[in-house]
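Numbered from 1 within each chain, the chains take letters A, B, ... in sequence-line order.
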Amino acid sequence: MSVRSAARRLTIVPAAIALLLLSPFDASAQVTPVSIQGYGMFGGISFTAAESFEAILGESSGRIFGGGVRIGLGLGGLFFDGGAWRFHATGERAFIFNNEVIGLGIPVDVKVTPIEISAGWQFRIRKLPKLIPYVAGGLTSMRYEETSDFSTPTEDGHDTFNGIHLIGGAEYKITRWLGVAGEASWTTVPDAIGEGGVSKAFSETDLGGTTIRLKITIGQ
Amino acid sequence: MNSMSHSSPPRIATGAAVIAFVAIWSFNGHGQLSSGPVSKAMIQDTGLPAIDRGLRDQDPPRAPRGGKDAGRAAASAGDTRPYVPGSIIVKFKDDATRGGISAATSQVAGVIGDRSSWADFDILTIPADADPEAAAALMRERPDVEYAQPRYRNHAMARPNDALYANQWNFPAIDMERAWDIQPGASSNIIVAVLDSGMAFQTGTVRYNSRFSFRLTPGGPIYPALGIVNIPFAAAPELGTSGSTRFVSPRDFIWNDDLPVDLDGHGTHVAGTIGQLTNNGTGTAGMAYNVRLMPVKVIQGLWDEIFGSPFEGTDDVVARGVRYAADNGAKVINLSIGREEGGPATAVTEAIRYAIGRGCFVVVASGNTRADGNQQNRLAIPAPEIAGMVAVGAVGRTLNLAFYSTTAPYVELSAPGGDQRQGGTSAGILQQTLDPDQLETYLRPPSQYGPPRADVFAYEYFQGTSMATPHVSGFAALLMQQGITNPAAIEAAMEQFATEKGAPGRDDSFGFGLINPRATLRGLGLAR
């Protein structure tokens with residue numbers, strides 16, 4: 001998917017989700033005060049480049065952890081969110097022959113660290129005031145690091161790629177200051193991989209994926 | 001076996017005059033006997049330690065050997081045919097009837113002999129004056145025949161001529177030091193078979209019978225018969241210890257026994273590039289220095305010929321050697337041998353397919369004919385069609401194509417083979433082998449001619465695709481140890497990571513390029 005087509009989805013999908021949510025929920029744009037909330041999160045990611053990650057790391061998914069800040073602007077449900085998370089796994093270098101993966105026993109360390117800047121809308125449900133659904137979308141700056149044994153500094157290294165993401169989820173306020181949230185995100189980072197390694201062999205270029213995250217929120 | 005055979009050859013005791021007469025007469029033909037006293041016998045399996053004469057980088061150039069016009073000096077005095085007369089190789093179909101076989105053999109007045117070990121084909125004796133190529137063609141037309149071919153002669157591919165890791169430019173040239181960081185020399189789980197002129201793998205004494213005088217060149221001086229001679233031999237110190245587990249399943253298809261003594265030096269040099277003992281503070285290094293070596297003798301050296309070996313390096317002998325190696329645990333088969341004359345080497349090709357089916361990776365020299373007509377090595381031609389078999393060309397120290405390296409559509413990879421036209425003696429490939437000064441006494445005047453010694457070693461620079469080939473065999477052993485065991489996958493990996501040389505993609509000079517062991521062993525990361 002190109003950045004342009006992904007961006008088009010960025011505008012359409014949140015709108016559709018918002019429409020769906022409007023009917024059961026009271027989406028009244030009541031004036032609310034500016035709020036600030038910090039959060040920590042953990043969860044899992046399933047990478048779009050499934051064959052590549054599975055070939056090197058043994059699986060195409062893994063755990064993530066991170067954190068961020070969410071600022072409500074006091075304009076209805078509008079908020080901005082800045083967060084980051086990290087995926088880190090170790091596998092082995094490989095050779096691909098007729099789609100068979102032959103491990104070579106040389107350790108590879110892969111780290112994926114996105115920074116996500118999002119804008120979104122959170123909804124209020126009159127009958128469930130402690131449950132706050134939200135949708136968001138934004139830009140992702142994805143840092144990719146890959147290091148291997150027996151490699152030179154020029155063979156190892158890191159790069160940063162840009163993409164977009166969509167997020168949907170809901171927060172449950174346990175207390176006024178403490179909450180838990182569950183959310184799902186979809187990220188695309190096109191043309192980040194595929195120039196070398198097994199990703200070239202599998203013609204996989206997108207470093208994005210789908211995440212499921214559990215958040216602990218502190219703040220109003 | 002051939003037209004010049006004797007049913008009752010003269011005994012040594014019958015008198016010098018008679019011996020001389022018979023000898024010259026014999027070597028006007030092809031000095032090979034089918035019967036008579038056994039010319040080779042192990043008389044002692046211990047001996048004095050090997051003698052190491054060190055680096056011989058100041059040696060003057062030696063006469064070319066191992067090419068199509070060399071190494072067969074005695075034989076070529078009377079018979080320059082590329083095949084053994086009087087017999088052909090025939091493979092009958094599995095469902096061939098006895099009547100069909102009989103009809104086929106009678107068409108060429110042939111008689112099937114007892115089937116040799118490690119052969120799925122038969123040797124059909126035909127009249128001595130019959131044309132084996134025509135007879136094979138007739139047989140191929142028979143419905144009961146799968147294939148038929150003359151018993152083409154093969155020879156070593158080296159161009160040996162005229163010290164020591166610092167002298168081994170060939171390993172840094174292919175980034176071996178960093179490759180060994182990843183995979184240090186494979187292990188004893190990998191057996192590499194060296195099908196060649198034998199190997200200096202054991203210490204002892206062998207008694208041979210030199211019954212005939214001979215000329216090396218037509219009109220040249222006559223070298224006398226030596227009679228019964230005891231030849232001391234020894235394991236090359238840098239290959240391993242005699243009787244150790246370094247050497248497995250030795251087999252001699254030239255003398256049909258289990259003592260493949262190297263009386264030429266070619267096989268020992270080739271074995272050194274594959275598995276020379278390394279990091280032991282002495283001598284030279286090898287590619288896969290922890291592997292076990294299987295010495296399989298399928299090529300006749302000049303001394304074997306002088307001593308009247310019952311077989312020579314024909315296609316059937318090579319094919320048997322390939323099958324033997326596969327059946328006895330070899331995982332890599334090195335064929336620094338071949339021939340430039342005659343038709344397809346079907347028997348060898350089928351044996352190679354069999355070996356690959358048993359999990360062996362097969363490496364063949366592309367040939368040394370570029371400066372001499374560029375004839376193709378018949379053994380190497382099928383390589384592009386067989387996944388798991390590669391044909392190897394040679395580069396010199398400048399990494400340019402060696403002057404001798406045959407260019408052909410079958411060339412798939414290139415490796416250092418040396419080019420002494422660009423860099424002199426030290427631009428060859430250095431390994432320990434038998435000391436030619438003590439071995440090739442037939443290059444002396446007849447008055448100084450005497451029995452060879454196969455227990456004296458020196459570090460010699462050789463050049464040829466024979467020397468390039470063992471680099472790839474050693475490389476294959478390293479890849480197997482690293483985890484790529486499928487022969488076809490090994491070939492694919494070697495080709496994918498080769499350093500491109502020449503025209504983009506594959507070309508007839510370098511194939512897919514110069515082998516790159518470090519990059520290949522390192523393989524692929526996720527995105528890098």
Side-chain angles (χ1 to χ4, degrees), chain A residues 47 49-58 60 87 89-112 144-152 154-159 161 189 191-202 204-207, chain B residues 172 174-187 189-190 288 290 331 356 359 361 386-390 412 475-500 512 515-528:
Chain A
F47 286 100
E51 287 186 288
S52 301
F53 277 85
E54 187 163 345
I56 298 301
L57 304 178
S60 60
F87 165 86
T90 301
E92 64 175 315
R93 297 180 71 88
F95 176 66
I96 310 296
F97 177 67
N98 289 342
N99 285 324
E100 178 192 359
V101 179
I102 303 171
L104 297 176
I106 300 174
V108 187
D109 202 60
V110 173
K111 293 174 184 165
V112 177
Y144 177 79
E145 297 172 83
E146 181 178 326
T147 56
S148 304
D149 286 6
F150 309 113
S151 294
T152 63
T154 56
E155 292 167 336
D156 286 337
H158 55 82
D159 287 296
F161 307 95
V189 186
D191 303 324
I193 55 177
E195 293 291 315
V198 298
S199 60
K200 183 178 182 182
F202 290 124
E204 292 179 316
T205 60
D206 194 334
L207 191 53
Chain B
I174 54 172
D175 206 4
M176 277 311 297
E177 292 169 12
R178 292 202 297 167
W180 286 321
D181 284 344
I182 298 172
Q183 180 42 253
S187 76
N189 294 327
I190 309 285
N290 292 320
K331 288 300 171 194
I356 292 171
F361 183 71
I386 303 177
M389 170 190 182
V390 295
E412 295 176 303
F475 179 19
L478 297 177
L479 284 173
M480 285 196 168
Q481 189 67 43
Q482 198 68 21
I484 308 178
T485 56
N486 178 337
I490 292 173
E491 178 176 347
M494 288 179 169
E495 293 171 357
Q496 179 177 333
F497 290 97
T499 303
E500 192 149 297
F512 289 93
I515 58 169
N516 190 335
R518 189 255 177 184
T520 313
L521 287 163
R522 189 169 164 267
L524 301 169
L526 199 153
R528 295 173 180 273

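You'll find the side chain of V108(A) stays beyond 4.5 Å of the side chain of R528(B), heavy atoms only. For the pair F97(A) and I484(B), the minimum side-chain heavy-atom distance is 4.5 Å or more.
We find the CG-CD1 distance between L524(B) and I106(A) to be 10.5 Å, quoted to the nearest 0.5 Å.
Only the side chain of Q496(B) comes within contact range of chain A, with at least one heavy atom under 4.5 Å from a heavy atom of that chain. For chain B, the nearby part of I102(A) is the side chain; its heavy atoms alone come within less than 4.5 Å. Both the backbone and the side chain of T152(A) come within contact range of chain B, judged by heavy atoms closer than 4.5 Å. Heavy-atom distances place the backbone of T520(B), and not its side chain, under 4.5 Å from chain A. Contacts of Y144(A) with chain B are made by side-chain atoms alone, with heavy-atom separations under 4.5 Å and no backbone atom involved. Looking at L479(B), neither its backbone nor its side chain comes within 4.5 Å of chain A, counting heavy atoms on both sides.
Note on E195(A), E204(A), E155(A), K200(A): by heavy-atom pairs under 4.5 Å with chain B, the leading option is E155(A). Comparing G194(A), S52(A), A94(A) by how many heavy-atom pairs each has under 4.5 Å with chain B, the most go to A94(A).
Across all their heavy atoms, S151(A) and R522(B) have their closest contact at OG-NH2, 2.7 Å. Annotation for S199(A) and A527(B): closest pair OG-CA, 3.8 Å, computed over non-hydrogen atoms.
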